[in-house]
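Reckoned from all heavy atoms, side chains included, excluding hydrogens, waters and symmetry mates.
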Amino acid sequence: MTASLSAKPYINFEAIRKLYLSRIRNVAQLSYNLNRYHAITFFYLYEPEITTYLKRKNNYVIGGNL
């Protein structure tokens, strides 16, 4: 079994505004090898908007792979 955590920042480039940090994608993941060729994976993704000029939105995703 393996576990991982990651965070990926997004920086927006726009002609009418300065560079700004728009959101950060955070992912927690668990993976288990069933055998030599197959694994099962579950993950949770949380992606909050840090800076926005519109209404703030947060994304939440729960998923899995087999």
Ion pair Arg25/Glu47, N-O distance below 4.0 Å: yes
Partners passing side chain to side chain contact (heavy atoms under 4.5 Å, CB included) against Tyr37 (at least two apart in sequence or in another chain): Asn35
Separation between NZ of Lys8 and CG of Asn26, rounded to the nearest 0.5 Å: 11.0 Å
Distance-minimising heavy-atom pair for Leu30 and Ala3: CD2-CB, 3.6 Å
Value rounded to 0.5 Å, distance of NE2 in His38 from CG in Asn65: 12.5 Å
Under 3.5 Å: donor-acceptor pair, side chain of Glu49, backbone of Lys57: yes
Candidate pair Asn12 and Tyr20, rule side-chain hydrogen bond (donor to acceptor under 3.5 Å, both in side chains), full reasoning: CA-CA 6 Å; Asn12 269 3; Tyr20 66 95; 2.9 Å; yes
Hydrophobic cluster (4.5 angstrom, side-chain heavy atoms) - remaining members for Leu5: none
Single-linkage hydrophobic cluster, 4.5 Å side-chain cutoff, Tyr10 and Leu19 together: no
Hydrophobic cluster membership, Ile62 vs Tyr46, 4.5 Å side-chain cutoff: yes
Listed partners of Phe42 passing ring pair (Phe, Tyr, Trp, His ring centres under 6.0 Å), at least two apart: none
Interatomic distance, Ile50 atom CD1 to Ile24 atom CD1 [nearest 0.5 angstrom]: 4.5 Å
ILVMFWY cluster, Val27 and Val61 together (side-chain gap under 4.5 Å): yes
